[in-house]
K.L.:
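I have a structure here, written as structure tokens, and I will follow up with some questions on it.
Sequence lines set the chain letters: A, B, ... in the order given, protein chains first and strands last, and positions in each chain run from 1. Computed over heavy atoms, backbone and side chain alike; hydrogens, waters and symmetry mates excluded. Keep in mind it's a predicted model, so treat the numbers as computed, not measured.
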Amino acid sequence: MSKPILNIVDEIGRALLFFKQIIKTTVKTPCSWKSVCEQVVKITYQSLPTTALAGFFVGAIMTVQFSMQVKEFGALGFLGGLATSGTIREVGPLLIAFMLSGKVGAYTSAELGTMRVTEQIDAIRCLGANPLQEIILPRFFGIIISSFLLLSAGLLTSISGGVTLGFYFADIHPQEYIRHIPTIVTAYSVGSGLFKCLVFSIVLALICTYKGFHASGGSKGVGQAVVATAVATMVGIVVADWFTSLLSDVALTIWLGV
Amino acid sequence: MVYTVGQVLLLRGQMLSGFLNLATSTLVGVFMPPFRWKEILKQLHFVAWQSAPVVVFSVSFAAAVTIMESSYHMRLVIQNDALVPGFAALLILRELGAVVTALLITSRVGAGLTAEIGSMQITEQVDALKMLSIDPIHYLVVPRFIACVVGGFLLTIIANIVCLYCAMLVSQWSLGYSQGSFLVAMRSFVSMQDLYFASMKGACFGAAVPLIGSFYGFRCQAGAEGVGQATTNSVVTTSVTIIVLDFLLGYLFSYFY
């Protein structure tokens, strides 16, 4: 009974040690900006359509659900603000990070795992280069930066999805919908959404580079690493979501006294 | 490679027709003998029982977040948080429980299924099945399909109940509701109907996972890269499909409330 739990704790510890190694390499021997930018372009270009589509539907779902609830209170005017606030603060970052974990996370760990089992990583080490610096760092920072871009794009399309459904489902004119957004969505909300983006992207980048880099056992091992990455990132994102909500709640109570 | 618009459309059309073909043969295959009970039970054990810990764990964290977020919004709009239990329960039952469960099943079961069928395809095991005059769809996809539909249904119910229970504990701890008052406030917003709709959603999402997963598995290109590519594509397509399905089902169910 205690063995699976110990295994999980072991795995978390190893991932954190890997994170420490990444930070150490970043400080001592940083990778070139060019390689990071290459990764950013590649990842963003690949995932933009998926993320935008998912964002649109997330916004649409939120508007439909919120409109059914606020209709009972006759507060349909608040719909734009409430649905947008709910999307930006919580549901948007969460669901879009889930999408990214499927798209970017699985892809990166499959790529790194294939490199590992075909001994390309060992070849890089033989050539006297540091694989962490050459392969992992560009991907790690590429994922973090492009997650930001993709999540912002996803949140923007989610607002447009909300506006569209507000018009067709709840009969709210787009102007009315958008007019109420700034009354409820504060700068603090946007900041908390962006902070969540940052934390989710770090969790995602760490888990997929860790799992891919340490894959073993041929093509079957790569498949296992991909599945393990997908599950671990989702669980990690949910836990990080709770943790950031708690943090921002505490921060709000301390600094603003709300 | 650069394709013209026509070629892209043709490619998409071929994919769609291939998928519909697979889906219809699977749906017909469900009612065709032989019924592989042992295989179905084995798959159900993998899909439902072994996913349950992950689902329960994730969903209980999601419950805590839901309570915190809805109390924030409530305080913002109507200055108190008296309606938090009702709102949180609505959000959990109508959206969160089913979608989070389905996305977890996608990454755990869907990805594994694509990798498994994909590597069977590229090592020609699927062709070997055909040689033995066994229909690969009936042998591989149908048991997984049944297991995922049933598993999605059951896991959604479990996830919703655990999520509501955790929401109750969190609101007791952080907002000071007693359990009784939480349940009373909840009952004025949601009814048993919501759980029925949620579990129907779960079954639909569960149906999407094996169909899309095995579709990409059968199309897998040779080589280790091919399996990874197929797995990524399948996870992404399934997640998008689940979100789109969620929207469509939510829209449909909104006429029944």
Side-chain angles (χ1 to χ4, degrees), chain A residues 47 50 53-54 57-58 60-62 64-65 67-70 73 75 78 81-82 85-86 89-91 94-95 98-99 101-103 106-107 109-111 113-114 117-118 165 169 184 186 189 218-220 222-224 226-227 229-231 233-235 238-239 241-243 245-246 249 252 258, chain B residues 51 54 57-62 64-66 68-70 72-73 75-78 83 86-87 90-91 94-96 99-100 103-104 106-112 114-116 118-119 122 174 189 223-225 227-229 231-232 234-240 243-244 246-247 250-251 254 257:
Chain A
S47 317
T50 321
L53 186 69
F57 279 98
V58 168
I61 293 167
M62 288 302 282
V64 170
Q65 294 294 350
S67 76
M68 286 197 283
Q69 294 175 29
V70 294
F73 301 101
F78 278 117
L82 271 180
S85 173
R89 284 174 52 87
E90 173 52 39
V91 183
L94 186 68
L95 284 187
F98 271 13
M99 299 300 307
S101 86
K103 180 95 191 164
Y107 176 79
S109 78
E111 196 186 9
T114 313
V117 298
T118 54
L165 260 289
F169 185 80
I184 293 192
T186 54
S189 293
S219 60
K220 199 168 184 202
V222 177
Q224 278 168 359
V226 173
V227 177
T229 309
V231 177
T233 42
M234 285 203 178
V235 176
V238 174
V239 175
D241 189 26
W242 168 76
F243 195 66
S245 270
L246 192 70
D249 218 36
L252 196 69
V258 178
Chain B
S51 303
V54 182
F57 183 75
S58 309
V59 147
S60 45
F61 277 100
V65 178
T66 313
M68 284 194 260
E69 288 296 323
S70 39
Y72 172 83
H73 282 123
R75 277 185 224 150
L76 205 66
V77 178
I78 56 172
L83 296 171
F87 249 56
L90 257 182
L91 218 60
R94 291 206 182 149
E95 291 301 322
L96 213 65
V99 174
V100 171
L103 288 174
L104 281 164
T106 304
S107 63
R108 216 186 94 81
V109 179
T114 312
E116 197 182 349
S119 45
I122 59 174
S174 73
F189 270 77
E225 202 131 301
V227 179
Q229 195 77 44
T231 314
T232 313
S234 123
V235 171
V236 173
T237 314
T238 317
S239 316
V240 175
I243 290 182
V244 175
D246 182 42
F247 166 70
Y251 204 97
S254 72
Y257 289 123

K.L.:
With only heavy atoms counted, which part of A:Val226 is less than 4.5 Å from chain B, the side chain, the backbone, both or neither?
P.N.:
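The side chain, not the backbone.
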K.L.:
Before you tell me yes or no, could you show the steps for B:Phe247 and A:Val64 under side chain to side chain contact (heavy atoms under 4.5 Å, CB included), namely the whole-Å CA-CA distance, both residues' side-chain angles and the distance that decides it to 0.1 Å?
P.N.:
CA-CA 8 Å; B:Phe247 166 70; A:Val64 170; 4.2 Å; yes
K.L.:
Among B:Leu90, B:Val54, B:Thr231, which residue forms the greatest number of heavy-atom pairs with chain A at distances under 4.5 Å?
P.N.:
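Winner by heavy-atom pair count: B:Leu90.
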K.L.:
How about CZ on A:Phe243, more than 12 heavy atoms from neighbouring residues, nucleotides or ligands closer than 6.0 Å, or not?
P.N.:
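No, CZ of A:Phe243 has 12 or fewer neighbouring heavy atoms, counting only those of other groups under 6.0 Å.
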K.L.:
Step by step, work out the side chain to side chain contact (heavy atoms under 4.5 Å, CB included) result for A:Val239 and B:Phe57.
P.N.:
CA-CA 9 Å; A:Val239 175; B:Phe57 183 75; 3.7 Å; yes
K.L.:
Identify which part of A:Ala230 has an atom lying under 4.5 Å from any heavy atom of chain B, answering side chain, backbone, both or neither.
P.N.:
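For A:Ala230, heavy atoms of backbone and side chain both lie under 4.5 Å from chain B.
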K.L.:
Under a 4.5 Å heavy-atom cut-off, does chain B meet the side chain of A:Leu165, its backbone, both or neither?
P.N.:
side chain
K.L.:
Tell me every residue that passes side chain to side chain contact (heavy atoms under 4.5 Å, CB included) with B:Ser234, counting only those two or more places apart in sequence or in another chain.
P.N.:
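With neighbours one apart ignored, the set is B:Thr114, B:Tyr216, B:Thr238.
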K.L.:
If you round to the nearest 0.5 Å, how far is CG of A:Asp241 from OG of B:Ser58?
P.N.:
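It comes to 11.0 Å.
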K.L.:
CZ/A:Phe57 to CD1/B:Ile243 distance, rounded to the nearest 0.5 angstrom?
P.N.:
9.5 Å
K.L.:
Count the heavy-atom pairs under 4.5 Å between each of B:Thr232, B:Val235, B:Val240, B:Val100 and chain A, then report the option with the highest count.
P.N.:
B:Thr232
K.L.:
With a 4.5 angstrom heavy-atom cut-off, could you sort out which part of A:Phe98 is near chain B: side chain, backbone, both or neither?
P.N.:
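A:Phe98 touches chain B through side-chain heavy atoms alone.
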